[in-house]
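If you're wondering where the values come from, they're calculated on a predicted model, not measured in any experiment. In this chain, numbering begins with 1 at the start of the sequence shown.
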Amino acid sequence: MAQGATDAINFVKEEEAVLKLWKEIDAFQTSLKLSKGKPKYSFYDGPPFATGLPHYGHILAGTLKDVVTRWAHQSGFHVERRFGWDCHGLPVEYEIDKTLGIKGPEDVAKMGIKAYNDECRKIVQRYSQDWKDIMSRLARWIDFDNDYRTMYPSFMETIWWVFKQLYNKGLVYKGYKVMPFSTACNTPLSNFESGQNYKEVVDPAVIVSFPLEEDPKVSIIAWTTTPWTLPSNLALCVHPDLSYVKVKDKSTKKVYIMMEARLPALFKTEEEYMVMEKFPGKTLGGKKYTPLFEYFKEFRELTGAFRVVLDTYVTTDAGTGIVHQAPYFGEDDQRVCLANGIISKDMKIVCPVDPSGRFTEEVTDFKGMYVKDADKEIVKNLKGRGRLVQQSTIKHSYPFCWRSETPLIYKAVPSWFVRVEHAVDKLLASNSQTYWVPEFVKDKRFGNWLKDARDWAISRNRYWGNPMPLWVSDDGEEVVCVGSIEELTELTGTKVDDLHRDFIDDLTIPSKTGRGVLRRVPEVFDCWFESGSMPYGKAHFPFENRKEFEDNFPADFIAEGIDQTRGWFYTLIVVSTLLFGKPPFKNLVCNGLVLAQDGQKMSKRKKNYPDPLSVVEKYGADAIRLYLVNSPAVRAENLRFKEQGVRDILKDVFLPWYNAYRFLAQYVDIFEQETGEKILVNEKSLVVSDNYMDRWIISFIQSLIKFVEKEMAEYRLYTVTPRLVKFIDQLTNWYLRMNRRRLKGDTGREDCRKALETLCSVIFSISRMMAPFTPFLTETIYQGLRKMLDLSGETDARSIHFLMLPKPREQLIHQKIETAVSRMQSVIELGRVIRDRKTLPVKYPLKEVVAIVKNQEAKEDLVSLEKYILEELNVHKLTVTLDKDQYGVRLRAEPDHRQLGQKLTSALGTVTPAIKALTDEEIEKFQAEGTIEVKGYTLETGDLRILYNFDKEGDTPQHYDAHSDGKILVLLDTQPDESMLNQGVAREVINRVQKLRKKAKLQPTDNIEVYYRAAKKLVAIIEEFSEFINSTVKQPLKAYPVPDSREKIITESMPIKTDDLEITITWSEGGKREISPAKVPAQPSSLTAGAGDALQTDLAPAPAVAGVTPNSRFVNAVLVGLRAGQGRSGSMATILLDNPAGSNGLTMTLLVEQAQCVFGLRGVNISLFSDAALKQPLKPDVKLDSLAKKTIYVALSSPGSSGGQSSAKVVDRPVCHFANVEGKGKKGTLLLENPRGDVLSLAELQAQAAAVLNSSTRVQLSAKKDKSGVLTSSASADILALHGKTLTVL
């Protein structure tokens, strides 16, 4: 861990070090001990199945749970966090069925339930250790040792108790319903289960004829997409009020009856048929027809089957307007046939399909066939008998079994039900007492589901599950419901300690009414009933922990994915409402789904997503955590997972944050060495500096603490995380950059101390706030901060996770300062946009920046911060004015479409042109008065957006360029004079010296001397600005020659505009510090990419592009026994031997330096070899031409120190992606990444092109020959997409 800050950080290695620390101090359990006695915060963890490894959905939900529970702990609560396992049900049984080749109940009967359940026990915790390891690696603090499992006897006993409570309330009944049925798993599914997995499929669509008995030449025709249900047809249904017709098919002369609106379903044109008669559907009611099959003809006499019935559920949008009724294979079919007496509740059901989806013996023609396979044979049979009218296919969405991935069928199934429909109002009342994030899921998706709640089938005809505790007499008249193990023992006389079927199925209960013995029903509980009862089961309520449970129920917090609105969330609220009349939780965070990058569902088969552990190994767990919780998924929207997004978290957030800490640690050490004083910050007694920027950053962090405290209390992580991440930018890109001189001590000892203490306090505060989100990095930084902090008031300060969150200190919040700095930042950012647009680097000073503002307060703010604006924009003069007319600036108004649209609705379209036509005077009056009338509507502040309009062709001087954010307009004088240009050159010199120091891995405290050699004009500029240069680099620049007595550290030549500058850095006399290979990180530090160990070292070479070769000659280089340092990653690189082509050729010495540079091995004594075995070193006089298109190997010079051979693939093309470049009469090559995997930004690519073409200013690159193909940051997000292309320098 970063006990002392280093230039390089390997995030993965640091996380591993933190895990070691946590293990040493037993961090999680210690934190629970520290919080014991504090108010309790209750949390329910939804139980996953342990039959598979965690995926990104688990990681997302787990991270959300971990963030919230860590936050609760650090807010002063005691948070018990117990992991739970769903051990029963289809996921386990389906694995066993696949392994053992079990096809149906008869196979289980042959092997015996005990043997079957023993197999289930073996695999039920197959991956439990993997889950524990992975969750721990992801920093999720949850108790695996004190877990709960649905297979524990204590949990199972509570489920029996829950069921008995419902049974005693009269809420349990046995019946049959048409339900979604999985033929692969031989079991029905709940409605919410069947809605989890819809797929697009192609099914047969047939129209069949039903000749009327009264006139067999006339047939009623019906349409279906499930031909396999036709053998079970008992009726036809029409809409009573819609129009039906008798039509004659002119081509076949056959007469059909169908709905008038559905004629196009059978005929393409009106010429194909003749309407013979038209009548309402009710005319058809009661008409009898000839059955399709004879299998159930007896029902004609028994129930009056095979006749037309009426119902309004028939629609005009599909089929023929006549629906065939198979009452035991469709919910509506069953309802309609019951209402018309075709079937009754107590009759034998007509359901000739077994649990495996095969026709039973009643259907003699298709006996034993799987129903979906029988479709073709049934259609063939109907065609042969002249009953098939039309045959086609239809593509539609169809439900599949979520476990077996096989199509579901709808089938009448005997089942035990819990009454839910009667309690809809109570369910909605319970839901109204809960708080959801985001709220729309509660009110719409979940609320609508509750409104349509149906009775819940809680039984399954399976084996590995919690047996239903019902013992029934043979005649079904005597039923005993058992609610505990003790009661079972009393009733059966047998003591058991396991409640699974293989232990209790043989137990009987003597009848109290003379009916012999009662035997247990064969069903087991649906595993959703168990997970919905987990609040009680995990506590073994009411048998134990009664008071503790009642004191902490409902739970304060739960969280899962949006798919659980019809799953766990639903079952939780149903069980709790029916038991106690209230919801089981108070607050719920619902996350969206994590999809593959292409927007498809993540699929192991398709391999369309990166393995989670491999991503952790590359970038660390914190990066994944922050990527997920700072994504749309926290707002219950879907997230397309992109590995680049994880990488960007490191680059854009973690590295700047760590570098801020590193900078602090570095200069605290220097301060303490130079002054002999100790920096020790006590946050509570810290005296705030009177420095304006110190007061700003302290106010900003206090406002952030206040905001985050409020938003986290509302569980709005989607507002919190972006603000926390944004603060890192404010800290690093504003406070740190603008206070570097103070922090380095340039403004005096006391001011330096105040700046260091301020920075330390702020980093400490943001680290504690970020600790629940990024527990590893915050721990790393905190361990380094500890020596700067007065933690005497802490009970245990060994971990940042033992500390409480900071509380906002209202007296330190200065909103006026924050507003002023925000305005200053706007001016600076707008000025930078203009500079970028005009390709004017900040190094080159400009004459003036003009800020046009709307009120006096804004003017005063900017004037008070003038020095910062001048310094950041590098301009000589700031003018702040309200007089826009002086510069030819006008106001214009636009409607705020969101606010005004809600107010005006359809009238917005009429009012918008009038708003845009408002004059300058009218807008100014509106700004002063706050209201304006437009087209009869009174508009108020917030209804309009007031913008500046800058017309460069008007009165404004031509040397100004402008940019506005709508509140402030910035004009920048973009014409520098010679003095300013020279000052810019001086800044370039400073930049080259600083880069060379960094390349040589020098520390600020190193005693060095800097020598230079340059052309006469450049020498004159260096001498003119010597004081400015020396004060910045802290060293006088001395002209060559370099004294022989000085030991050289590094020498490099570089262009500055049209002149060459050569710089040599040496040790000053007696000032040498040893730089050894040991200083190079053993693993890649990846400062630019932020990756962890071995980031991208396994990448394949860039693909070949047909017909494209680089303009420049090249050699590939591979590391052997070394890891890249200085922020580089990867083990393969490409070195250009000449660039542009034919120029700037390398020597052997320069080739070694290039290898050191590209792999970040400055200061390391390396050698180059022509073979992977490192037997053939390259000689100093080797002709580099002979190396073109070959591969060289880079290793330590010390014999035997390399530690292995390379297995990298050798190719005769660049291993890195490249693009060719042309311009100024030259041709060269740009490497889009180097080493392989370290991808350049567009700005870096432009700088590379400028160096190749010896341009002193930034160049524009175009994918075409003109400006129509200019590359921009937004259009060039994927730099590697330029691979093999030719770019033009404009």
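In summary, the aromatic rings of Y536 and F549 are positioned with their centroids under 6.0 Å apart. In this structure, W161 has its ring center under 6.0 Å from that of F541. A ring-centre distance under 6.0 Å is not found for H324 and W223.
Enclosure of atom NZ in K177 by more than 12 non-hydrogen atoms of other residues, nucleotides or ligands within 6.0 angstrom is indicated.
Using the six-membered ring where Trp is involved, Y173 and F417 have ring planes that are parallel, under 30° apart on the 30 and 60° scheme. Note: F306 and Y289 have perpendicular aromatic rings, judged against thresholds of 30 and 60 degrees for the angle between ring planes. Between Y176 and Y328, the angle of the ring planes lies from 30° to 60°, which puts this pair in the tilted group. Using cut-offs of 30° and 60° for the angle between ring planes, the Y167 and F163 rings count as tilted. Aromatic ring orientation, F293 versus F366: perpendicular (interplanar angle above 60°, classes split at 30° and 60°).
Sorted by first and then second residue, the side-chain hydrogen bond (donor to acceptor under 3.5 Å, both in side chains) pairs with a member in residues 480-496 read K164-E487; sequence neighbours excluded.
A salt bridge does not link K451 to D425: none of the charged nitrogens lies less than 4.0 Å from a carboxylate oxygen. By the 4.0 Å N-to-carboxylate-O rule, D45 lies too far from R82 to be salt-bridged with it.
Residues passing the salt bridge (Lys or Arg N to Asp or Glu O under 4.0 Å) test with D474, sequence neighbours excluded: R519.
In this structure the side chain of V482 reaches within 4.5 angstrom of the side chain of L491, judged on heavy atoms. A heavy-atom distance below 4.5 Å is not found between the side chains of M347 and L302. With contacts defined as side-chain heavy-atom distances shorter than 4.5 Å, the pair V314/I322 does not qualify. At a threshold of 4.5 Å between non-hydrogen side-chain atoms, the residues I102 and M111 count as touching. Contact of the Y44 side chain with the W568 side chain is registered, since non-hydrogen atoms from C-beta on lie closer than 4.5 Å. Contact check for F155 versus E530: side-chain heavy atoms found under the 4.5 Å cut-off.
At a cut-off of 3.5 Å, with distance as the only test, a side-chain donor of D365 or Y295 sits close to an acceptor on the other residue. Using modelled atom types and a 3.5 Å distance limit, the side chains of R462 and Y116 yield a donor-acceptor pair. Looking only at atom types and distance, the side chain of D526 has no donor-acceptor partner in the side chain of S459 under 3.5 Å away. Inspection of the H500 and D502 side chains reveals no N or O donor paired with an N or O acceptor under 3.5 Å. A donor-acceptor contact closer than 3.5 angstrom is absent between the side chains of S232 and T229. Under 3.5 Å, the side chains of N197 and E405 contain a donor-acceptor pair of N or O atoms. With hydrogens and angles left out, the side-chain atoms of R385 and N381 include a donor and acceptor closer than 3.5 Å. Between the side chains of S473 and S511, no donor N or O sits under 3.5 Å from an acceptor N or O. Side-chain contact of N466 with W160: a donor-acceptor pair under 3.5 Å is present, judged by distance alone.
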